[in-house]
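Quick notes on the structure that follows.
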Protein chains: 2
Amino acid sequence: MDQLRTQESIGRDVSHLFRSIRNFMGRQLEPYGIGDAQFPFLMLLLHEDGISQEYLATALKCDRATSARSIARLEDTGYVRRVVDPDDKRAYKVFLTEQGHDMGQIVWSVSSDLNNMLLEGFTDEEKLAFRNMIKKAGTNISKWNQNRKTANE
Amino acid sequence: MDQLRTQESIGRDVSHLFRSIRNFMGRQLEPYGIGDAQFPFLMLLLHEDGISQEYLATALKCDRATSARSIARLEDTGYVRRVVDPDDKRAYKVFLTEQGHDMGQIVWSVSSDLNNMLLEGFTDEEKLAFRNMIKKAGTNISKWNQNRKTANE
DNA sequence: CTGCAATAATTGCGTAAGCAACTAATAAAT
DNA sequence: ATTTATTAGTTGCTTACGCAATTATTGCAG
């Protein structure tokens with residue numbers, strides 16, 4: 001009841017936060033020809049190479065279609081190369097190119113800039129608590145969504 | 001440095017949280033013919049009627065274009081009515097219709113369902129802290145974006 | 001071995017959001 | 001009072017994302 005009266009809404013605040021992050025990342029990544037959506041894929045690939053789009057989608061908690069399109073764009077831009085998996089001709093193995101590997105420094109610095117920006121004025125305890133709470137809330141709600149989805153099948 | 005190694009990323013967690021919220025809201029609102037984007041506009045209008053699209057955009061921290069399109073959809077669906085402001089013929093005054101007012105109960109219940117869902121397992125202190133930290137992070141980064149924007153003009 | 005279910009990827013469709021360019025109306029400046 | 005700047009709203013373009021349907025391959029059951 002108080003929500004409506006005082007116009008408090010976590011959903012709105014998360015939305016604002018998310019859109020601001022996209023805005024920030026968009027600006028940071030523009031010089032490299034990639035969008036904010038490609039960033040997490042690039043980041044994961046820097047950590048773990050030669051994986052499938054399906055694996056990427058699962059790890060990044062997004063749809064297979066989103067994964068496909070993001071990887072396609074990274075391929076177009078030259079950061080990534082797709083090789084049909086010889087053990088499973090349905091799947092690709094996604095590898096970073098030279099150019100992709102060279103993004104390591106930039107990815108790292110943009111990522112840490114974002115963190116510093118977001119968490120300015122937070123104590124170390126708050127930083128940790130914040131991360132954990134975001135994850136917890138995300139798990140809470142995505143669990144529910146998952147149940148709804150499988151219920152409709 | 002640790003971010004890359006451990007694959008920790010607030011950005012990604014916020015993204016997941018946000019997309020899960022959209023998913024949840026989409027399901028909840030589908031029966032009423034509105035999308036998750038319309039929800040905050042409806043919510044604000046239930047609180048404050050007869051305001052302009054510009055005002056809505058500012059209050060909800062989004063672009064004027066987004067406000068225009070969201071209100072247009074609410075009008076199409078019959079929840080809202082636009083009247084040219086007699087004191088300023090450029091602007092509209094956006095009013096809820098009968099049907100719009102009738103959404104009060106649903107808006108309230110969906111909103112509180114979302115909150116309960118997200119904050120399941122949080123203590124009262126954590127709930128409060130979480131809200132404040134989301135807002136703080138959002139303010140931190142949007143302030144920076146704002147500076148970048150005006151710097152490019 | 002053949003036929004059928006599950007899986008990886010792709011594509012079309014719908015929704016959402018921001019930026020930039022434009023129109024129309026108002027406010028400010030000379 | 002006329003020019004100029006600002007403001008409210010709209011529209012086109014681009015990016016992003018999820019769902020559903022489709023294709024191709026793999027794996028399993030008979």
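Chain naming here is simple, since letters A, B, ... match the order of the sequence lines and numbering starts at 1 in each.
- Of all nucleotides listed (D/dG12, C/dG12, C/dA17), C/dG12 comes nearest to the side chain of A/Arg69.
- Closest to the B/Glu54 side chain, of the nucleotides D/dA8, D/dT11, C/dT11, is D/dA8.
- Summary of the strand contacts: A/Asn23 and A/Gln53 both lie near DNA chain C, and taking for each the nucleotide with the nearest heavy atom, the more 5' one is attributed to A/Gln53.
- Note on B/Arg81 versus B/Glu75: no salt bridge recorded, every NZ/NE/NH1/NH2 to OD/OE distance being 4.0 Å or above.
- Of the residues near DNA chain C, B/Cys62 and A/Lys93, the one whose nearest nucleotide (by heavy atom distance) lies more toward the 5' end is A/Lys93.
- Remark: of the listed residues A/Lys61, A/Met43, A/Lys135, A/Met43 is the sole one forming a side-chain contact (heavy atoms from CB on, under 4.5 Å) with B/Arg12.
- D/dG27 atom P lies 11 Å from atom CG of A/Asp85, rounded to whole Å.
- Of all nucleotides listed (C/dG18, D/dA8, D/dA16), D/dA8 comes nearest to the side chain of B/Ala91.
- When distances are taken from the side chain of A/Tyr92 to each of D/dA16, D/dT25, C/dA9, the shortest belongs to C/dA9.
- Comparing D/dG18, C/dC19, C/dA16 by their closest approach to the side chain of A/Arg27 singles out C/dC19.
- You'll find that the side chain of A/Arg64 is closest to C/dA8, out of D/dG9, C/dA8, C/dG18.
- Straight-line distance from the CG atom of A/Leu60 to the P atom of D/dG18: 11 Å, rounded to whole Å.
- For A/Arg82 and C/dT10, the shortest distance from a side-chain N or O to OP1 or OP2 is below 4.0 Å.
- The nucleotide whose nearest atom lies closest to any side-chain atom of B/Arg90 is, among D/dC17, D/dT6, D/dT15, D/dT6.
- When rounded to the nearest whole Å, the span between CG of A/Asp36 and P of C/dG18 equals 12 Å.
- At whole-Å resolution of the value, NZ in B/Lys89 and C1' in D/dT7 are 16 Å apart.
- Residue A/Asp88 has its side chain nearest to C/dA8 when only C/dA8, D/dC19, D/dT10 are considered.
- Side-chain contact check for B/Gln38 and B/Tyr79: no donor-acceptor pair (N or O, by modelled atom type) lies under 3.5 Å.
- At whole-Å resolution of the value, CG in B/Asp87 and P in C/dT26 are 10 Å apart.
- In this structure, A/Gln38 and B/Ala68 both approach DNA chain D, and ranking their closest nucleotides by distance from the 5' end singles out B/Ala68.
- Closest to the side chain of B/Ser52, from the set D/dC17, C/dC19, D/dA8, is D/dA8.
- Of the candidate nucleotides C/dA9, C/dC19, C/dT15, C/dC19 has the atom nearest to the side chain of B/Ala65.
- With A/Asn145 contributing its side chain and B/Ser20 its backbone, the two residues share a donor-acceptor pair below 3.5 Å.
- Computed from coordinates, the A/Ile21 CD1 to C/dA16 P distance equals 21 Å when rounded to whole Å.
- At a threshold of 4.0 angstrom between heavy atoms, the contacts of A/Asp63 include nucleobase atoms, whether or not backbone atoms are also involved.
- B/Arg19 and B/Ser15 are linked by a side-chain donor-acceptor pair at a separation below 3.5 angstrom, with hydrogens and angles left out of the test.
- Just one residue in the list A/Arg82, A/Arg69, A/Arg64 forms a side-chain hydrogen bond (donor to acceptor under 3.5 Å, both in side chains) with A/Gln53, and that residue is A/Arg82.
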